[in-house]
Amino acid sequence: MTTLWSAVRKSSLNLSHSNVYFTNWFVVRLYSSKINIPKRIQRGPTDILRALESTIERDPTAAHYKYHDDPYLIPRVNYTKRMFAMAQESGRKTAHWIKEQHPELFQHREADPFIQSFAPTIKFTPDSKVAEEDLKHAIEDTHVSDASLIYKLLKKMGAEINNDTQLNLLELLCFYNGDDAMSDEFIEEKWFKQTSKEVREQFKKTWKDGGLAEEVFISIENPPAEAYSAIIQGMAKYYQADRAFELFEEAKGKGHILNTDVYNSIIRISPILKEGYDLRWSFVVDLLNQMSKAKLKPNLGTLNAVLRVLSTMGGGKLVKENVLKTLAEFKNLGVEPSLASWYYVLIAFCKDRGPKSGVLFEILKEIENKEFTARDIYDTYFFVTAMEICRYHLHSKDAAERVHNVLMFKDNYNLIGDSYKESIYYRHYTSILCSQMPIEEFMSIVYSIIVPNIYIPEPSVVKEILDSVEATGSIEFLPKLWQDIVSFDYIRRNIIIETVPAIMANNEPPEGSELHEQFAIIARDIIQRLEALSQDERTKISLSGEMFGNLIRVLLRDNDFNSACTVLQKLMKGQIEVLGVPKIEDLQLFIEHCEKNKAPTKAIDCVQYAADSGHIGYEELASKIIKLFTLDENHLNKLSKIVGPDILHQQESVSC
Amino acid sequence: MAKLIRNNALFAKIIKEHAPPQCFIHTTTNLNKCQAGRYRISLRKDFPLTYEMANPPHQIAHRKAWNSWNTSNVDGGVRPAETAVEDLFIRKFITGTWHNLFVSEVIIKRQHNIIRIAGIVHQQANARQMYFLIGYCEELLSYWLQCLVKMELQTVQDKRDVVFKYI
């Protein structure tokens with residue numbers, strides 16, 4: 001409450017200020033004759049909301065606010081997070097479609113002042129009558145396809161178009177490559193978009209050759225420097241590198257002075273223009289010299305472009321030196337690096353096969369306790385890359401925690417990127433902490449906070465957590481983990497369903513511990529769920545016999561003889577596809593319990609199963625039975641059928 | 001006279017023209033019949049009522065609350081007629097779009113330029129379908145009413161979960 005109050009007060013409530021001044025007026029009069037009334041601070045319409053917002057933190061116990069707060073509607077499985085959000089967006093799109101399909105139904109004007117985005121958009125057809133004003137509006141609203149159509153119609157009519165408008169159109173077409181931009185309204189689609197593709201398709205040419213943008217450019221007589229800038233940047237952005245460079249040379253030849261951004265975009269495509277590393281670097285240096293001759297001040301874009309080129313040039317010593325030189329140079333120029341700059345530095349220094357580099361620690365010194373805003377499109381790649389380096393390159397828990405603190409500082413979380421990057425980030429984060437932190441600490445301060453609302457671990461990460469639970473023998477976490485495994489729907493995952501019983505069987509809880517009972521509950525749960533799965537014909541899972549042996553052992557430790565019998569029966573009937581057989585120790589334990597429960601038939605069944613499934617140790621089991629039980633005629637006959645009469649006689653002679 | 005009274009319009013005319021303003025005196029006892037918002041006991045006494053249905057209108061503000069929350073009808077309130085018609089439209093739209101899913105009344109709450117639509121739905125539709133409908137209703141209604149519309153739903157597994165009593 002105090003933080004809230006101070007934030008609101010800071011933000012503006014002039015009223016509360018004046019109250020304070022009023023009540024303390026006499027006191028103030030006593031001590032000083034002069035009252036300083038603070039200058040009024042101009043506030044925007046959303047300042048109070050922002051102040052209130054700054055007092056709220058993400059609540060890890062609740063699902064993200066885009067989901068409905070109802071147990072049925074909260075996503076618990078990884079893929080449902082995406083599915084629910086996208087379903088809602090799909091509904092919104094449907095409504096949007098209806099509005100566009102029936103614009104005549106949405107012509108009323110209810111709101112005052114009228115809100116344009118609730119009204120259907122005006123459609124243009126090849127028969128529409130258009131004027132230059134329409135083109136201006138379309139450009140202003142970034143309706144790319146509308147603008148293209150209107151431009152074509154105007155040309156057909158032979159109308160004269162203002163040079164400025166033409167230039168604006170060219171800039172719009174170049175920026176979006178003639179395609180409609182993704183609407184800002186549908187944020188979920190952006191959030192769940194697969195960005196891994198983007199990285200893979202880096203440097204792939206997507207520029208539309210001979211498209212409308214080029215047509216517009218040609219139609220401008222004596223194109224000014226701005227027109228050249230637009231088309232060169234457009235081509236460079238969509239990797240039509242050769243022609244961008246041609247036009248760049250042409251513009252310089254004509255004596256145009258191009259701006260910094262054009263130089264930046266040419267630097268960015270230099271990996272396509274120049275193959276060899278040395279050639280590439282000298283090309284970049286040459287461009288920078290040209291800029292300084294043209295008295296152009298480099299900006300953040302220049303820094304990031306140069307670093308990006310350097311990050312594509314392998315892991316040589318020279319590259320690293322050049323990176324450091326560049327950073328120093330730009331620091332002198334007063335250019336503050338953005339997160340994208342640090343991202344490129346990380347890529348240049350930490351190569352998979354290269355030597356270990358501690359550059360991340362240096363970067364952390366720079367960025368800790370700082371708030372960042374998006375300044376470069378690649379800013380969102382920093383956190384995920386930094387965390388990956390913590391995990392695979394540095395193997396450092398401390399670095400991971402420090403990176404995470406930077407991410408959590410103020411509004412830096414906005415730079416996490418999208419759902420794909422977020423989940424990879426957390427995969428690395430959980431994995432490194434789980435392997436290097438004491439497991440108790442990990443479960444209490446990491447796992448319990450981020451799982452399941454912020455991050456649902458993938459099966460491989462769950463396996464890692466299970467492994468470290470086993471390595472440290474902290475089996476008290478197993479019941480909680482099993483609960484989560486069930487709710488994440490990982491029952492079908494072999495690696496997990498095999499590991500859990502193995503851990504339970506290999507780590508025997510102390511005598512009289514509650515865990516015996518809890519483990520038996522888990523084991524029964526597993527059996528039940530496997531049964532349900534085996535009835536579902538779509539899913540085929542094959543499990544190892546060893547796992548069933550482990551289940552039997554866990555059940556018998558809790559003296560649950562009946563359930564153990566059901567497991568054995570399942571194995572005998574071959575209801576579930578089983579690879580291999582249970583361990584001999586588990587079957588021996590079963591027979592010992594048969595003796596306790598006075599169930600010789602079950603014990604003989606066990607030998608039968610061992611013999612049928614080709615277990616090597618079945619004779620050993622048979623002799624164990626003879627040792628433990630006094631069998632009647634019937635049972636003896638049965639047993640001799642399985643193992644042959646010789647063993648029985650041997651045993652008899654021994655006992656005599 | 002009795003014949004004339006049956007003809008309402010004519011009766012009103014006669015009153016207007018001939019009778020001075022006066023109280024009509026009842027010579028019979030009051031019937032005090034009021035039916036709105038009340039349910040009749042069924043033959044087998046198995047008609048389900050929700051809590052909201054079980055309480056007659058005079059219990060509003062005592063044991064239950066309003067179904068529409070707005071300030072249109074207070075002194076100085078704006079758009080009373082429009083609000084009522086819009087609320088009716090919203091109710092029809094929601095019951096039609098969420099076909100057979102709403103098990104409670106549709107509650108409509110207006111604050112500034114936001115309309116919040118609340119209610120309880122049956123888990124007959126799966127969560128994905130519900131999210132689709134939520135997105136669809138919010139967006140389409142906001143195009144129609146030209147303000148922000150939000151849905152606040154709760155779900156129940158069984159329709160009987162909302163039954164308060166059987167009469």
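So that the names make sense, note that chain A is the first sequence line, chain B the second, and so on, each numbered from 1.
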Quiz prompt | Contact class of Leu133(B) relative to chain A, heavy atoms under 4.5 angstrom | solution = neither
Quiz item: Is any residue of residues 58-67 of chain B within less than 4.5 Å of chain A by heavy atoms, and which ones?
Solution: none
Quiz prompt | Contact origin within Leu145(B) toward chain A - heavy atom pairs under 4.5 Å | solution = backbone
Exercise. Please flag which part of Tyr67(A) lies under 4.5 Å from any non-hydrogen atom of chain B: side chain, backbone, both or neither.
Key: both
Practice problem: Find the one option among Tyr136(B), Phe132(B), Tyr131(B) whose heavy-atom pairs under 4.5 Å with chain A are most numerous. | Solution: Tyr131(B)
Quiz prompt | NE2-CE distance between His68(A) and Met151(B), expressed to the nearest 0.5 angstrom | solution = 7.0 Å
Exercise. Quick one: sort the His108(A) and Trp144(B) rings into parallel, tilted or perpendicular, breaks at 30° and 60°.
Key: tilted
Self-check item: Contacting moiety of Glu188(A), where chain B heavy atoms sit under 4.5 Å
Solution: neither
Quiz prompt | Over all atoms of both residues, closest heavy-atom pair of Ala127(B) and Phe84(A) | solution = CB-CZ, 3.3 Å
Practice problem: Locate the shortest heavy-atom distance separating Glu139(B) from Ala95(A); write the atom from each residue and the value. | Solution: CB-CB, 3.6 Å
Self-check item: Contacting moiety of Asn126(B), where chain A heavy atoms sit under 4.5 Å
Solution: both
Quiz item: Quick one: of Ser117(A), Pro71(A), Ser90(A), who has the most non-hydrogen atom pairs under 4.5 Å with chain B?
Solution: Ser90(A)
Self-check item: Glu138(B) versus chain A, the contacting section by heavy-atom distance below 4.5 Å
Solution: side chain
Quiz item: What distance do Gln154(B) atom CD and Asp69(A) atom CG have between them, rounded to the nearest 0.5 Å?
Solution: 8.5 Å
Exercise. Please determine, by modelled atom types, if His96(A) and Tyr143(B) share a side-chain donor-acceptor pair under 3.5 angstrom.
Key: yes
Quiz prompt | Which atoms of Gln129(B) approach chain A - backbone, side chain, both or neither, heavy atom under 4.5 Å | solution = neither
Quiz item: Passes side chain to side chain contact (heavy atoms under 4.5 Å, CB included), Asp70(A) versus Leu153(B)? Steps please.
Solution: CA-CA 8 Å; Asp70(A) 181 273; Leu153(B) 299 181; over 6 Å; no
Self-check item: Which atom of Met130(B) lies closest to which atom of Leu73(A), heavy atoms considered
Solution: SD-CD2, 3.8 Å
